Each structure stands twice: as structure tokens, then as C-alpha cells.
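Encoded as C-alpha cells, the structure appears first; notes follow it.
Just so it is clear, the structure is predicted and the values come from calculations on it, not from any experiment.
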Amino acid sequence: MASSFLLSNRSPFAVFFFFSLFLVGTTSFHGVVASASSTSLFAIDATENKDEAEALLHWKSTLANRSQSLLSSWHGHNPCRFTGVACNDHGAISHLSLSSLGLGGTLDGLDFSRLTNVVSFDLSNNSIHGSIPSSIGNLSKLNFLDLCFNKLSGNIPPSIGTQETLHSLYLCANQLSGPIPPSLGNLCNLTELGLSRNKLSGPIPREISDLSNLKSLFLWENELSGSIPSEFGRLNSLIRLDLSENNITGPIPSEIGNLTNLTLLNLANNKFFGSLPYEFNKITRLTTLHLYNNELEGELPKDVCLGGSLQYFTANNNQFTGPIPTSLENCSTLIRLRLDGNQLTGNITEAFGIYPHSDFIDLSSNRLNGELSWKWKHCRNLTSLRISNNDISGEIPSIFGRMAQLQLLNLSSNNLSGEIPRELGRLSMLFELDLSNNSIMGNVPTEIGLLSHLAHLNLASNNLRGSIPGQLGSCKSLLSLNLSINKFRRSIPLEIGNTQVLEVLDLSCNILSENIPGELAKLRNLQVLNISHNSLSGSIPQSFGDMSALTSIDISYNDLEGPLPNVKAFNEAPFEAIQHNKGLCGNVVGLSKCNSTGSKKPNRHVGAKITIILILSFLGFLLLSCTFIVLIIVYNRRRRIIKREDNEGATDLDFRRILGYDGKVFYDRIVEATEGFDSKYYVGEGAYGIVYKAEISEGQTFAVKQTRSSREGTEIADLVPFEREIQALSNIRHRNIVKFYGFCSHAQRCFLVYEYLERGSLRTTLNDDQRSIEFGWDKRINVVRGVADALSYMHRECCPPLIHRDLTSNNILLDRDYEAHVSDFGTARLLRPDSSNWTTIAGTIGYIAPELAYSSVPTEKCDVYSFGVIALETIMGKHPGDYVSRECSSSAQTKLMMLKDVLDQRLSPSRLGLRDAQDVVLIAKLAFECLQANPRLRPTMGQVSRELRIQVPLDMPLSAVSLEQLSDPNLKKFGAFQVMLRFEVFMCYCV
């Protein structure tokens, strides 16, 4: 019975350790029996059981040679003297305890019909292979059978179900396959059934519910399917139930509430969906509850800790909503809690209490708000605390420094403010600290350098200022250091070179200046180095040539000059990783070769004169020849240099390759394909340019955007949008952002080249009645998701972060499969840490955020607002301005509308499919959240993107269901989701 409990809380080591311990104990026990029996037999001079001895000796002869030597005591006609054999008072074999002997072979040679007095048979933890013979059913007196941890295969013989005296059956950790025999339901005395870690398939037999004495049922880590039989509610004696790591699906039956004696319930890693039944609250004696990695929804059981004994509770990676269970607040027995990866709401300050025994708590990726409480200091045994990706605000309490056992603290992706408490330097056992993606200000406390065990430090994407403290060099265990996207100034501290086991260093997107310290070359284990988007100057220390472990570097957007170090990471770096510097040279495509002739130090004045002459000559060459100044290529990273005379004459070459090496051919082919930008190739236009279709050859069609000033034949007066678009798109890689191939800056024409998207803009599609019908609900939902993903990527994953500033349905382009691609970055801005000066308002009326009426400083929340308008426009089929107030006033106007009345009527919204209806309601709900007047109340695009990617399971087939049915007030629940289709829309547009 103890064995079953440990198996359910398993790790591979725990399982093996337990069985070894159990079997050693069993062997010792039976050994004593054998010795005692042998003595009594000698005393009464009993007759040896020759028949049983012959059965065992024959089986021994079929085993591997090594196994035979391990059973050297097996000889003669008295089996009671054999190792691992015990006899009863009549001289008959009653116990076979052969666990952990290293035996190899099969059971085929063992004649079970000659061992009918055997009561227990333990062959666990050996190397027995082959199938389980059906003749094992001849052990008619057997009450204990353990064949775990072998290599047995094939089906479980139904004959095992005939052994009516059996009370413990363990066949775990083998390779058994096929279904579980329904005949096991005949084992009326069975209390322990362990079939875990096999390849059993098919549904769980309903006959298992006939085992009224069953206390432990372990079927975890198989390939079982189907649902939990509702008859399981009859297993009133059940204490431990583990069905985890299978393919079991369906809702959890309400009858499970009858299992009131359960102390362990593990349903993790399956495909359960739907809400937990209300009857679940009857199970109040649980010490362990695992529900993680399913598709469960609704609220968590509020009485989960009502019995005051819950120790392990994991419900992570589901779709649970609602508050934290109230019983958890006083659940002082809690040791491990994982609720991450759900949609739980509520105030974290009020929902949690004091947990003196807890060692692991993870509440990440939910919607919890409030502030961090002083109560956490009483969790003296806590080693891991994760509350990332929520909406937690306020400051980090200094009392966190009192959690002496803490090894991991992750509070990333919240709205935390204030400074990093110096008291965190007291956490001497801290291994990982992640405070990234918050609004934390001030300096990094020097006390962080006291954390000698710290291996991972991530403070990226905050508002940290000042210098990077040199005390970080005292963190000798540091493996990764990420301080990117902050406002650190001055130089890179040379003490960083003392962190000699460091593997990842990211200092990008700051305001660091001066030279790169040569001491960084001491980081011989460094694999990833990113110091891009700073103001670093001087040359790269040549000692970097000894950093052989480097695999990835990014030094772009600095003022560096001189030769690149001769090491693989630099020699094979893509041009994007070294671009925009002062004067680097090396063997990378796109850089000039370094001048290695002469060893004398060049005269500075002569060099300056030569530089001026070269610049003037170059400018003159541009004016005379009207050639190109730059071509940026992102499509083909490994461009081959081909002789000019060969490719000029090769008209059938791949045009995307021509972009990489010849400006003149590039220019000529574009002009030829558009016939000098004739109006018949007109596709559309954005705020700063006209777009043309250029078909270079069959299968090679591009979109070419020509700036307005060059199209009008006037002198180029403003290249700012042109340059911004190049800068924004040069480093972007995302499936939902238009691909950028290159650009041309000519004396008479400036244009950019993109991928051509067949279906044009979202606005064009919505304005065309015929095309809008083909643009069905599933496609519209996918478009909204794609735009959200693109904006999330721009705001959080780009370095520096990027905001669009002019997002409209006109610059959302659709490809052949209606996949969305964000375009038109002429007004986009990189959110550099030192950016404080913004120009006039950019944007389009009807999409522009209201706060820009009184502030010229845009933030990513401006894009969030524009996304909200586009999301509504997509499901309504037209701009939502027709349904909202077009004037801003001091008193907000509230407009009540039925969602079904404003959806695009061209798609018959009254017959939305159930899944699509759910998604459309979610889009509308998120859109309204994005349109809140106060930008601080709007969600981030990361949160919106995650919401839209969550698939709520349905507990009924997908079918057409009217929104009238869904909004019926008498219908408390339809399918697996509950939605309110009546929205109070609070929207205000400034025009």
C-alpha cells in the first residue's frame, strides 16, 4: 500500500528508489520465512517437494547464463533451500521473492501449474522479457503479484482475472500493450492495482468499478483513451487514483464527487475539458491534487483545502477562470502550488495567506492584480516563487529579503514600479532573479553582487538608470546576464570579465558609451554577446579572438570601428549583427576589407584628408551616375558575390538574388516592370507613398512603394518616413509583418521593395460585398490574431521596441490564404531608451488614441487602441465609428448594443458556429478593453495575443447555433463556455 502511494508522487528516481526499498524489504521478510521453514522441515524430517523443485530448476535452465550463476543455490530436490524461496509448514513453496537479482530471460519456461501453493510472487526489478504466460492464472492461491520494472511485452493475459484471492497486482514499468482486460473486474479482493508506465491503450474498462475494495489505482503513463467511466463513483474505498499522462478525454464526471476518501487524485497530462463538477467540492481529504496540462475551464474547486490536509495542488496550463479558491487562504499545510498558465483573476493581496511549509509557488500567466503582500515573508521554506505575467502593481516589498531559502524569484511581465530593494542581496541561496518587463526605476543595488550562487539575472525592459554596478563581477556563478532595454549609461564595467562562467550577456538597447573593455575577453565560456543599440565607440578588443565559445554576436547600432576579431562568431556573423557602426572592417559580406599593408601607424591628419576626398568623390559619383547608395538585403543572408558582367546579362536570374549585389540591375528591372511607374500598375497607397505591382518574371512579383515626392518629380524634401521604414523593417522577422527585400535611393526616385500580397488591404476586402462573403468568420478571427501577434512582437521582442503609430485597416495586408501582414512603417518609431523628443502627432483619424489629443508622446498603448478599432472593424465589416459617439465630452456616453446586431450581416451572424461565436465574443470583449480612454487600463498586446491564442474546449460537437439561443437568459450554460452577448460599449473618438 505504501508502494502505491510513492508511485503516484513519482520521479524516475523516486519510483526506482521505492521499489528497490520495497523489494529489498520483501526479500528480507521472505528470507526469514524460508530459514524458519527450513529449520522446521529438518526438525520433522519432511519429504522434499520434488515436483516444485523440478519446475524451478527447469525455468533456471532457460534463463541467461549470468542469471543461472546468480541462482547457484538452486540445486537438489529441496526448493525450500533455494535463494528467494520460502515454504509453508507442509513443505510446499508459498513465496517466491526474486526481486532485484539481475535475472534475464522469459517466463515461458516456468510451469505455473506445478506451483499452485504460491501465495506471493515478486519478480520485480529484473530484466525479464517476453509475454506474461496465460498459465499464470494457475496460481490459484496467489494474493500478491509484482512483475514491475522488467521488459515484459504483449497483452495482459485475461487469466489473471481468475485469481480471486489476489489483493495486490503490480505490472508497472514494462512494455505491456493492448487493452486492460475487463476480467480484472473479477478480482473482488483486489486493493492495489498498478499498471503504470506501459503502453496500454483503449478505454478504461467499466468493470474496474466493480472492485469495491480497491484502495489504489495507478494507470499513469500509458496510452489510454476514452473518458472516465461514470461508474467509478462506486469505488468508495478508493484512496489513491492516478490516471495521469494518458490520452483520456471528456469532462470529469460528477460521480467522482462520491470518492470522498481520496487523498491523492492525479488527472494531469490528459485531454480533459469542460468545467469541474460542483460535486468535486465533496472531496475534502486530499493531500495531493494534480490537474495540470489539460483543457479544463471554469472555476477551481473552492473547497479544495477545506479538510486542512492539502499539500500538493497543481492546476497549471489549463483555462481556469475566476478567483483563487477561498479555502487556499488558510491552507497552512500547502507545500507545492502551481496555478500558472490559466486566466485566474482577483486580488493577489487578499487571495493568499501564510504557508510555513511551502517550497514552490507558481502563479504566472494569469490575470491577478493587486500588490505583493508582506505575508510572503512567513514562507520561510519557500525555494521558488513565480508570479510573472500578471497585472501586479506597486513596489517589491523589502521583506522579500527575509525569505532565506529562496532560490528562484520571477516577478517579470507585471506593472511593478519603484526600485529594486537592497534587501534582496540577503538571499544568499538565490539562483535565478527575473524582474524583466516591468516599470522598475532607479539604480541596480550594489548588494546584488553579494549573491554568490546567482546564475541567471534578468532585469531587461525596465526604466533602470545609472551605471551598471561593477559589483556584478562578484557573482561568480552567473551564467546569463540580461540588462537590455533600460537606460544604463557610461561604460561597460570591466568587472563583468570576472564572471568567468558567463554564457549569455545582453546589454543591448541602453545608452552605454566609451570603449568595450578588453577584460570581457576573459569570458571564455561566453556563447551569446549582444551589445547592440548603444553608443559604444573605439575598436573591438582583438583579444576577443580568443573567445572560441562565442556562437552569436550582435554589435549593431554603435560607433565601433576597426577590424573584427578573427573568431568564428564574428567571421560568420550576418550583416544585420554588425551594421550601423562607424567604420568596421573584416571578412563579413557587406564590410570593406581591412588594410593589412604596412605596419606603421598612419598619420591622423593624412587619414582625415583621404577620408574627405573619398567622401566627396563618392558623392560626386552619385550625382554623375545616378546610382544607388545602399541596398539592404534581408531575404538572403548568405549572398554570393558574382561577377558583375555575368549577372547584368543574365535576365532570367532570380530577382531576389539580384537585389543582393547589383544596384543598377535592380533599378532597371523595377522601372521596366512598372513601365516607369505607370498608373496601370497602381495597387494602393499609404500615408507616405504609392504602391505599384512589379512582376519581374513568372512567379516573382513584388510590391514597390515609391515616395510621393519622387513620384511627383520634385526634389526629395523629406526622407524621414523613407528612412524610418527602412530602419524599422531591416531587423524585423515575423510571419505577420510584411517582408522587406530592399530599397533604392536615387536622385530622381526613392522606392522600397516588399513581398506582394495578393488580396490587398483589409479595408479593401471589407468594402467589397462579394469578397467579404468569402472572408468568413474563421478567416477574420485569424486576421485579428495575426495582427495581435505582430504588435506583441514589435512591442516586446524587437530591440529596441517598435511602435507603429498609424495602424489602420488600410495597412493590414492579406495574402492568398487571408493571413494578415502589418505594413506601412513610415511613421513607426523605435522606443530607444534615450528617446524623449517626439514630433507632431502621427496617425489616422478614427484609429488614433484619444490621449494624443493632449500629449505628443506616443506609447505602445496607442497601438493597442488602434488594434481595438481594427478588431471591431473586422467583425463588424465596417469602421465602428457609425455606432459610437463622434464627439468627446466631459461626461462619458454609454451605448448599449447587442453584439448580434452589429456583426457583419453579410455573413449571417445569427448562424455563427459555436467555436466561431466564442472567438468573436472574445474579440469583441478584448477590443472594448483596448479602447478604454485611460491608456493604463488597456491590456498590453502580449496579453491580447495570449488571450486570442487560448482555445477553450467545447463539450459538444461544433454546429451552427444562433446567438439568440446563446443569449437566452434561461440558458445558464451552453457548451463549455459562458458569454454575455450584451455589452456596454464605452468608446470616445476625437476627430
* Taking atom types as modelled and ignoring hydrogens, do the side chains of Thr701 and Glu695 form a donor-acceptor contact shorter than 3.5 angstrom? -> no

Residues at least two apart in sequence or cross-chain that pass side-chain hydrogen bond (donor to acceptor under 3.5 Å, both in side chains) with Glu819, listed by chain then number, are Arg735, Asn736, Asn782

Applied to residues 773-782, the salt bridge (Lys or Arg N to Asp or Glu O under 4.0 Å) test, sequence neighbours excluded, yields Arg759-Glu774, Arg780-Asp904

Hits for side-chain hydrogen bond (donor to acceptor under 3.5 Å, both in side chains) against Glu299, two or more places apart or cross-chain, chain-then-number order -> none

Side chain to side chain contact (heavy atoms under 4.5 Å, CB included) with Ile387: of Ile348, Asn366, Leu416, Asp340, only one passes, and it is Ile348

Sorted by chain and residue number, the salt bridge (Lys or Arg N to Asp or Glu O under 4.0 Å) partners of Arg367 (sequence neighbours excluded) come out as Glu947

Residues passing the side-chain hydrogen bond (donor to acceptor under 3.5 Å, both in side chains) test with Tyr682, sequence neighbours excluded, are Glu685

| salt_bridge(Arg936, Glu851) N-O dist < 4.0 Å | no

Should Arg906 and Asp769 count as an ion pair when the cut-off is N to O under 4.0 Å?
yes

Residues at least two apart in sequence or cross-chain that pass side-chain hydrogen bond (donor to acceptor under 3.5 Å, both in side chains) with Thr321, listed by chain then number, are none

Exercise. Would you say the side chains of Asn318 and Asn294 form a donor-acceptor pair under 3.5 Å?
Worked result: no

Side chains of His734 and Asp789: donor-acceptor distance under 3.5 Å anywhere? no

